[in-house]
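Reading through the structure tokens given below for one structure.
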Amino acid sequence: MNKATAVACSNIAFVKYWGKRHESLRLPLNSSLSMALSEATTTTTLAFAPGLSRDEITIDGQAAEEAGRARVVAHLDRIRQMAGIEGRARVISCNKFPPDAGIASSASGFAALTLAATKAAGLELSVCELSRLARLGSGSAARSIPGGFVEWRAGQGHESSLGEQVAPPEHWPELRDIVALLESGPKPVGSTQGMALAQTSPHLAARLALIPERLGRARQAILDRDLATLGEVSEEEAIELHLIAISSRPPIFYWMPATLGLIRRVLAWRSAGLEAYFTIDAGPNVHLLCEEKDAGPIVSALEEMPDVRGIIVNAPGFGAHLCSRHLF
Ligand code: DP6
């Protein structure tokens, strides 16, 4: 078989990955912990076609731009080398979420690409092997191979740095991650470039020292389905990722005024008894964590806010898997 289609979910990190100790191997400074996002999926069909002179990569109907293309080709080269094949590939990839949603399409994108390409190349890899390989394409993609709640252990080196499931999606089906898409302003600095500056922040060492305790607290909160504790850790982590970004040299400001406005609303809702917590990735959008029963009132409140231009409601999502319906 030389054609395969895979689907993978993006993920939201409760304990964040922000900084590498090895650039090309994408070994992180710290372990991280995330949940797969059920509604933020990428579907990728790939075929190794003998007649092609170069890899043909189409993402959301457009030929991939140069930097993105080079990253995909480098990943395909790794897989060709592992499988001992030379053929160029035709790749068509579609995201279910808008390209400017600020959702890490590299996580779902490289997870789906890794599974589709290895399958099309005739390799049968385990979940651990797929996660380790996906990590080389994009760090957060290591967490999009297993489903549900996933910890990416920093590990000692390439072999031990991979995502492992802490709990399956059905462990906590009522948990919601509501993404509030805000007016984005100028294009933010990408995660890869942003985290490359983390070492220039004078606060990085203090952050890294706090991570083991936070990971333990977040892991236990997931196992106990304890939203208050998971929310507390997620907010500490979101604030600290942005503290590192803002104190990097040069500084990176991902927040927009609307980001802070929404954070303040979340705090006000909580004081009024509506249990919601926030987390924020490398962009202005705010992710709201809540239970299913509170998602309706939160969505209604978000719909009233002029700065909110889109809303995506996610439950815990599945792991990367093959699909029999091909895109070409
Ligand atoms: C802010 O996985 O996109 O979303 O490994 O350079 O591709 P690369 O970085 P990437 O970084 C994601 C950073 C984050 C936090 C997180 O998901 O943990």
Side-chain angles (χ1 to χ4, degrees), residues 8-37 40 42 67-68 70-72 74-75 78 95 97 99 101-114 131-145 149-155 158 161-163 166 177 179 187-199 201 204 207-208 211 214-215 218 233-246 248 252-255 259 278-287 289 314 317:
C9 294
S10 185
N11 62 73
I12 180 69
F14 307 124
V15 177
K16 309 278 188 193
Y17 153 50
W18 194 249
K20 298 180 179 68
R21 62 182 205 276
H22 191 294
E23 285 294 323
S24 57
L25 286 178
R26 288 190 145 75
L27 295 174
L29 287 175
N30 60 275
S31 301
S32 54
L33 183 52
S34 63
M35 173 182 112
L37 299 176
T42 301
R71 223 166 132 175
V72 172
H75 203 57
R78 278 180 205 116
N95 293 311
F97 47 95
I103 294 176
S105 59
S106 66
S108 50
F110 277 97
L113 180 74
T114 303
S131 174
R132 199 183 282 126
L133 181 57
R135 189 199 79 229
L136 298 173
S138 177
S140 53
R143 298 189 311 239
S144 278
I145 294 286
F149 301 87
V150 178
E151 179 167 349
W152 170 19
R153 288 184 218 286
H158 174 65
S161 189
L162 54 108
V166 170
D177 175 273
V179 193
K187 192 174 160 23
V189 179
S191 317
T192 307
Q193 294 89 329
M195 73 171 74
L197 297 176
Q199 310 269 14
S201 165
L204 182 66
R207 163 172 167 67
L208 293 176
I211 297 278
R214 281 198 192 134
L215 269 173
V233 177
S234 300
E235 292 188 354
E236 288 169 15
E237 272 292 293
I239 292 167
E240 246 173 56
L241 183 156
H242 291 274
L243 167 78
I244 301 300
I246 292 170
S248 292
I252 312 168
F253 297 95
Y254 286 110
W255 292 9
T259 311
F278 65 84
T279 182
I280 307 166
D281 274 348
N285 298 324
V286 179
H287 290 242
L289 304 173
N314 297 282

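As the structure lists them, so they are numbered: ligands from 1, and atoms in each ligand from 1. All values derive from a computational prediction rather than experimental measurement. Numbers for residues simply follow the sequence, beginning at 1.
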Kindly give the heavy-atom pair with the smallest separation between Arg214 and Val15, and that separation in Å. O-CG2, 4.2 Å

Pick one: which of His22, Met195, Arg21 meets side-chain contact (heavy atoms from CB on, under 4.5 Å) with Pro28? Arg21

What are the atoms of ligand 1, with element, lying closer than 4.0 Å to any heavy atom of [X]?
{"X": "Trp18", "answer": "1 (C)"}
{"X": "Ala282", "answer": "1 (C)"}
{"X": "Thr192", "answer": "6 (O), 7 (O), 8 (P)"}
{"X": "Ala13", "answer": "16 (C), 17 (O), 18 (O)"}
{"X": "Lys16", "answer": "18 (O)"}
{"X": "Ser106", "answer": "3 (O)"}
{"X": "Met195", "answer": "9 (O), 11 (O), 13 (C)"}
{"X": "Lys20", "answer": "5 (O), 6 (O), 8 (P)"}

Quick one: do Arg71 and Phe110 satisfy side-chain contact (heavy atoms from CB on, under 4.5 Å)? Show the steps, please. CA-CA 10 Å; Arg71 223 166 132 175; Phe110 277 97; 3.9 Å; yes

Go through the steps to decide whether Arg26 and Thr192 satisfy the test side-chain contact (heavy atoms from CB on, under 4.5 Å), and finish with yes or no. CA-CA 10 Å; Arg26 288 190 145 75; Thr192 307; 3.9 Å; yes

Go through the side-chain N and O atoms of Thr279 and Ser234 and say whether any donor and acceptor fall under 3.5 Å apart. no

Pairs of nitrogen or oxygen atoms closer than 3.5 Å, one from Asn11 and one from ligand 1: do any exist? no

When you compare ligand 1 with Gly139, is there at least one nitrogen or oxygen pair between them that comes in under 3.5 angstrom? yes

Among Ser144, Ser105, Ser106, exactly one meets side chain to side chain donor-acceptor pair (under 3.5 Å) together with Ser138. Which residue is that? Ser106

Only one of Ser131, Ser31, Ser32, Ser161 passes side chain to side chain donor-acceptor pair (under 3.5 Å) with Trp152; say which it is. Ser161

For [atom], what's the nearest protein heavy-atom neighbour? Residue, atom name and distance, please.
{"atom": "atom 2 (O) of ligand 1", "result": "Ser140 OG, 2.6 Å"}
{"atom": "atom 17 (O) of ligand 1", "result": "Arg143 NH2, 2.7 Å"}
{"atom": "atom 13 (C) of ligand 1", "result": "Tyr17 O, 3.6 Å"}

With heavy atoms and a 4.0 Å threshold, my read on which part of Ser191 contacts ligand 1 is side chain

Taking heavy atoms and a distance under 4.0 Å, where does Arg71 meet ligand 1: side chain, backbone, both or neither? side chain

Between Glu237 and Arg207, is there a salt bridge with N-O shorter than 4.0 Å? yes

Under a 3.5 Å distance rule, please check whether Tyr254 uses its side chain to pair with a backbone N or O of Asn285 as donor and acceptor. no

Just wondering, do His242 and Ile252 contact through their side chains at under 4.5 Å, heavy atoms? no

Is Arg135 close enough to touch ligand 1? Criterion: a residue heavy atom under 4.0 Å from a ligand atom. no

